Structure formats: C-alpha cells, structure tokens
Amino acid sequence: MLGRRRPAGARQAPAPEKRPPALNARVIAPRRGWRGPAAGRAAHVETGSVYLGTSVQVAGLFPFMQASGLPAEGVPIGPDLLTHEMVCLDPPGWLGRLTNNPSIWVQGQPGVGKSAIAKRLCLGLVGYGYAMLCPGDVKGEYAGLVRALGGQVVRIGRGLDRINPLDSGPLGRLLPTLPEQRREILLAEVNGRRGELLHALLATAHGLGRRPVAQESAALNAAIRLAAADPATDPTIPDVIKVLREAPGPLLDRLMLRSHDEYLTEVRAIVAALENLCDGPLSGLFDGPTTTPLDLNAPAVSVDLSAILTAGDHVVAAGLLACWAYSYSAVDTARAFGVLARPVVLPLDELWRALRAGPGMVEAFDGITRLNRAKGEISLMITHSLRDLEALPTEEDRAKASGLMERCDTLILAAMPMSELTRISQRKPLTDAERELVASWASPTATGIDGTTQVHPGRGKYLIKIGQRIGVPVRLALTPTELELYHTDPAPRRQVSAS
C-alpha cells in the first residue's frame with residue numbers, strides 16, 4: 001500500500017477523549033438533587049461514619065450493622081426512624097418467605113400506642129379484604145373504628161346484649177340439615193369446645209377456683225352432651241345445670257356410681273360453681289340464649305365489654321373467655337358451612353387479663369385459637385408485660401403462655417424498660433442495640449425542658465422484629481381521622497397551651 005510518509009520527528013495527534021454521555025438533568029437528578037422547594041436538594045452530603053476496632057472486637061460483630069428494609073408490601077406504618085423510608089407490614093403476605101406464622105405479638109407500656117398500631121393494621125387489612133373481629137373489646141376503644149367501617153358493635157352488659165358461651169355460632173341452626181355422619185363429627189367438635197370453655201370458666205374465682213378433677217370433668221362433659229342432644233337448639237349453662245341436677249340414667253352410667261348420694265358427693269361442687277356463673281356479678285350476661293348474633297358479613301364486628309369493666313378483673317376475664325369462645329365458634333361454624341370465605345383478623349387486646357384469671361386459662365385460650373392458627377388467620381396478641389405470663393399459677397401454664405409469643409414470627413415492641421426487654425430476649429433474642437433503642441423510649445428525658453408540651457418519646461414508636469432479622473424502628477404516622485378514632489385517653493386531663 002502506497003502513501004505519503006510522515007516526516008521524521010512529527011508527533012501523532014492524541015485521540016479525542018471519550019466523555020460519558022451527558023445526563024438529562026430534567027429527568028435524572030444531579031448528585032445533590034434538584035434545586036427548589038421540595039425538590040430533594042441536599043446542601044451537604046454526609047461522608048458517612050468510620051468505626052475502628054481491634055481484630056478481636058471486629059471479628060465478633062454481626063456482619064449486618066443495620067437492618068435491610070422490609071418489602072414495601074402490606075399495611076403502611078410510617079417512616080423508618082433511621083433511613084426515613086416507608087415501612088410496611090404484611091405478615092400474611094410474607095407467609096412462607098419472611099414468616100411461618102401470621103400472628104403478631106404487640107407489647108409495650110400502657111399509653112405508648114399499642115392499640116393504635118393494632119387498629120392501623122386492622123384498618124389496612126380490612127382494606128385488603130379481611131374481616132375484622134374484635135371478640136372482646138374491654139375498653140370499647142375499637143367500637144369507633146368498627147362503626148366508621150360500617151360494622152356491628154355488640155354491647156355486653158346488664159340490660160344490654162347477652163351472649164351464650166355455649167352457642168355453636170350464628171349458623172349452628174343449620175346442623176340439622178347436615179347428613180348424620182357429618183353432623184355428628186361437627187357436633188362432637190362443638191361439644192368439645194363447650195366443655196373446654198366451661199372447664200376454663202370454672203377455674204375462675206367465680207367458679208371453683210381450680211380446674212375440675214377427673215370425676216367432675218367426666219360429669220360435666222356428659223351433661224353437655226345430654227343438654228346438646230337436640231342439634232336444633234344450643235344449650236345454655238342453666239341447661240347443663242338442669243341435667244346435672246336431674247341425674248338421668250346415662251349420666252349415672254357414665255360415672256359408674258351406685259347410689260344417688262354418691263353422685264351428689266361427686267357433682268355438688270361443680271353444680272354450685274356453675275350456678276355462681278349465672279348469679280352475682282355475672283348475672284344476666286351469659287346465662288341465656290344469645291340476644292344479638294354476630295353479623296359475619298359486616299366489614300368489622302366488635303364485642304364491647306366496656307359496660308362490665310368496673311365489675312373487677314375476674315368478671316372481665318370471665319367475660320373475655322366467654323366472648324372469645326363464642327366469637328371463634330361463630331367463625332368456625334361459618335367456615336364449616338362454607339359461607340365465610342374472607343380471612344379474619346382478630347385483635348386480642350388486654351390478653352393478660354384473661355390469662356391470669358385462674359389456672360388452666362392458657363390451655364383454654366390455646367384450645368380456642370388452635371384451629372384459628374391452622375387456617376392462617378391473624379391474631380394480634382396485645383399485652384403489657386411478660387411478667388404477667390411468668391406469674392401464672394402453674395408451670396404448665398407458664399410454659400404454654402411463653403409458647404404463645406414464640407409462635408408469633410412478628411413482634412412489635414413499643415417503649416418498655418430494660419428489665420422487660422431482657423425477658424423478651426430470653427425467648428426472642430434481641431441485640432444490645434435493639435434493647436437500648438426500645439428502652440430509650442420508655443421515659444422522658446431529664447433535662448428539665450420537657451415539662452411543657454413535649455410528647456412522650458415512646459409514643460408512636462415501635463421496633464418491628466421479623467423472626468431473627470434485625471429489628472426495624474418505625475414511627476406510626478396517623479391521619480387526622482385516625483387521631484380521632486384511635487383516641488384511647490378519654491379521661492379529662494389538664495390542657496397545656498402550646499403557645
């Protein structure tokens with residue numbers, strides 16, 4: 001190939017520098033964001049933090065110093081306290097990925113917002129097609145939300161509504177229409193629940209104050225079956241008492257007793273205890289047929305127990321158990337007949353009241369909710385302290401009660417002292433940073449400048465712990481409507497001017 005020779009000593013011109021294509025500043029923000037109000041401009045970009053440590057210390061650090069964000073799915077809660085990104089919560093949607101159980105354990109000091117986040121979750125899940133069922137609204141604080149959703153509020157109290165704890169549910173009247181074999185299977189399940197509930201009610205201070213012994217238990221179960229012989233009618237506690245008093249032949253045969261005097265010796269205590277459940281402070285509440293059946297087609301239902309709140313802890317505990325049993329029975333029968341296709345979310349507020357009412361309460365609660373868990377429905381278990389579980393009367397109760405929390409893959413921890421966090425950490429391990437963060441929300445600062453209009457530091461702040469993942473601290477952001485609906489401090493307080 002011929003051509004002109006380049007003169008000796010001539011230098012080759014440098015190749016033009018290849019520059020990256022310019023970005024369209026109208027589409028892609030510059031490194032510090034767009035200028036202008038609310039445009040994301042950052043005047044200063046933080047350089048980050050550098051931590052130094054010895055090989056011994058660094059080797060012991062957990063490799064992930066900060067939790068990764070949760071998926072942006074489910075009910076929006078509020079901004080992450082560290083990254084300010086939106087935090088959402090969706091335990092049923094994360095089933096099989098982040099969680100193995102959709103139930104949620106909510107714990108914190110009184111007044112820091114446990115009920116508020118429970119109501120936010122219920123409100124969001126109703127929007128996703130769930131039916132909200134509050135089986136025991138002790139303070140009546142869910143009634144406003146239920147009414148706002150167009151739901152049903154059943155008020156339990158003297159002169160108000162009454163429920164039958166032995167009720168098989170609103171659809172129990174369909175039992176006679178079933179084939180005999182299927183009816184017998186369903187009736188055996190319903191009678192088993194009735195027996196478990198009566199055993200639990202007898203363990204309260206208004207009953208025996210203990211679980212029935214073997215002979216008493218056999219008499220009680222046989223009396224329930226005899227009282228429920230007609231599947232078209234649900235028995236009541238007075239019906240069971242009547243069977244025990246009349247002592248029919250099948251009952252005596254079941255107990256293998258030879259004389260009526262011997263029978264009276266065996267059942268006198270439980271007859272007196274059952275009559276106490278229909279008299280005194282509980283009179284007129286649970287001693288007759290249900291007056292207002294639950295409407296499970298409504299978007300939300302609340303069984304309001306606020307009318308008996310002043311009757312004492314034992315009365316409230318007995319009321320909670322009766323209402324829970326009745327509500328779960330209603331849901332189960334509805335599912336058995338295939339007329340309740342929607343999933344259900346159940347806020348179980350003031351859990352500690354029912355569990356410490358007497359021996360055997362945990363077993364009764366576990367039995368009531370056992371099928372509920374298997375169906376993937378969501379239970380929101382809300383309580384103040386694990387000390388209530390540790391104070392249960394028997395070791396068996398304490399072991400089962402701890403299992404209630406351990407089965408929940410989602411923990412929502414609000415402000416509480418370090419001692420309480422240590423108890424939780426023994427069952428669900430927490431890091432030192434997580435415990436220090438939650439404990440820092442437990443009390444106001446002591447600088448002397450927080451005595452005016454400062455909000456309590458723990459109000460509305462939560463640590464969301466999913467399984468063994470590092471917890472995500474979040475602040476619940478309420479809308480003005482929610483602030484009105486979720487107000488749980490009706491007691492008058494001294495108004496402090498913010499000016």
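As the structure is a computational prediction, the values presented were derived from the model and not from experiment. Computed from heavy atoms alone, side chains included, the values below leave out hydrogens, waters and symmetry copies.
Checked by atom type and distance alone, the side chain of Arg120 pairs as donor or acceptor with a backbone atom of Ala477 at under 3.5 Å. Side chain of Thr410 to backbone of Pro91: no donor-acceptor contact under 3.5 angstrom is found. Counting only distance, with no hydrogens or angles, the side chain of Thr422 and the backbone of Met418 share a donor-acceptor pair below 3.5 Å. A donor-acceptor pair is defined here as one N or O able to donate and one able to accept, closer than 3.5 Å; such a pair exists between the side chain of Tyr462 and the backbone of Gly113. Looking only at distances, a side-chain donor or acceptor of Arg97 sits under 3.5 Å from a matching main-chain atom of Gly93. In this structure, the side chain of Ser302 does not engage the main chain of Tyr142 through any donor-acceptor pair within 3.5 Å. In terms of modelled atom types and a separation under 3.5 Å, the side chain of Ser327 and the main chain of Cys323 share a donor-acceptor contact. Within the 3.5 Å criterion, the main-chain N or O of Pro293 finds a donor-acceptor partner in the side chain of Gln152. Side-chain atoms of Tyr128 come within 3.5 Å of backbone atoms of Gly74 as a donor-acceptor pair (strictly under, hydrogens ignored). A side-chain donor-acceptor contact under 3.5 Å links Arg194 to the backbone of Leu166.
Across Ala414 and Gly108, no two heavy atoms sit closer than the pair CB-CA, 4.0 Å. For the pair Ala273 and Leu202, the tightest heavy-atom approach, listed with the atom from each and the gap, is CB-CD2, 3.4 Å. Of all non-hydrogen atoms in Met132 and Pro347, the two that sit nearest each other are CE-CG, 4.4 Å. Taking all atoms of both residues into account, the shortest heavy-atom contact from Cys278 to Asp287 is O-OD2, 3.6 Å. Phe286 and Gly319 make their closest contact through CZ-CA, 3.5 Å (heavy atoms, listed as atom of the first residue, atom of the second, distance). When all heavy atoms are compared, the tightest approach of Arg162 to Leu285 is CG-O, 2.8 Å.
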Subject >> Test side-chain contact (heavy atoms from CB on, under 4.5 Å) applied to Tyr263 and Leu252, step by step >> reply: CA-CA 8 Å; Tyr263 170 76; Leu252 295 178; 3.5 Å; yes
**OP:** Begin with the C-alpha distance, continue with both residues' side-chain angles, and end with the deciding distance and a verdict on side-chain contact (heavy atoms from CB on, under 4.5 Å) for His199 and Asn221.
**Re:** CA-CA 9 Å; His199 280 68; Asn221 291 331; 3.5 Å; yes
Original post:
Can you list the steps and then say if Thr233 with Asp230 is a side-chain contact (heavy atoms from CB on, under 4.5 Å)?
Top reply: CA-CA 6 Å; Thr233 306; Asp230 182 4; 3.6 Å; yes
**OP:** Starting from the C-alpha separation in whole Å, work towards a yes-or-no answer on side-chain contact (heavy atoms from CB on, under 4.5 Å) for Leu463 and Val472.
**Re:** CA-CA 5 Å; Leu463 183 75; Val472 175; 5.8 Å; no
Original post:
Run the salt bridge (charged side-chain N to carboxylate O under 4.0 Å, His left out) check on Glu434 and Lys428 step by step: do they pass?
Top reply: CA-CA 12 Å; Glu434 288 172 335; Lys428 294 277 190 179; over 6 Å; no
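A donor atom on one side chain and an acceptor atom on the other are found under 3.5 Å apart for Asp304 and Ser306. Defined by atom type and a distance below 3.5 Å, a donor-acceptor pair is present between the side-chain atoms of Asp349 and Ser115. Of the N and O atoms on the side chains of Glu420 and Gln109, not one donor lies less than 3.5 Å from an acceptor on the other residue. For the residue pair Thr290 and Asp167, a side-chain donor N or O sits within less than 3.5 Å of a side-chain acceptor on the partner.
Expressed to the nearest 0.5 Å, how far CD1 of Ile224 lies from CG of Asp239 amounts to 11.5 Å. The line from CZ of Arg475 to CZ of Arg459 is 14.0 Å long, rounded to the nearest 0.5 Å. Here the straight-line distance linking atom OG1 of Thr383 with atom CG of Leu348 works out to 11.0 Å at 0.5 Å rounding. Note that CD1 of Ile104 and CG of Leu346 are 11.5 Å apart. Values are rounded to the nearest 0.5 Å. Taking CD of Glu73 as the reference point, atom CG of Leu98 lies at 8.0 Å (rounded to 0.5 Å). For the atom pair Leu201 CG and Ile237 CD1, the distance stands at 6.0 Å (nearest 0.5 Å).
Between Ile77 and Leu121 there is a side-chain heavy-atom pair separated by less than 4.5 Å. Residues Glu275 and Ile241 are in side-chain contact: their nearest non-hydrogen atoms beyond the backbone lie under 4.5 Å apart. Using a 4.5 Å cut-off on side-chain heavy atoms (C-beta onward), Leu294 and Tyr326 make contact. Taking 4.5 Å as the limit, some side-chain heavy atom of Leu149 sits within range of a side-chain heavy atom of Leu123. Considering only heavy atoms from C-beta on, Ile464 stays 4.5 Å or farther from Leu411 through its side chain. Between Pro250 and Leu226, some side-chain heavy-atom pair lies under the 4.5 Å cut-off. Side-chain contact between Ile466 and Trp94: present, with at least one pair of heavy atoms (C-beta onward) separated by less than 4.5 Å. Between Val303 and Trp324, every side-chain heavy-atom pair lies at or beyond the 4.5 Å cut-off.
Ion pairing between a basic and an acidic side chain is recognised when a charged N comes within 4.0 Å of a carboxylate O; Arg155 and Asp161 show no such pairing. With salt bridges taken as basic N to acidic carboxylate O contacts below 4.0 Å, none links Asp409 and Arg469. Ion pairing between a basic and an acidic side chain is recognised when a charged N comes within 4.0 Å of a carboxylate O; Glu141 and Lys119 show such pairing.
Counting heavy atoms of neighbouring residues, nucleotides and ligands inside a 6.0 Å radius, atom CZ of Arg245 does not exceed 12 of them.
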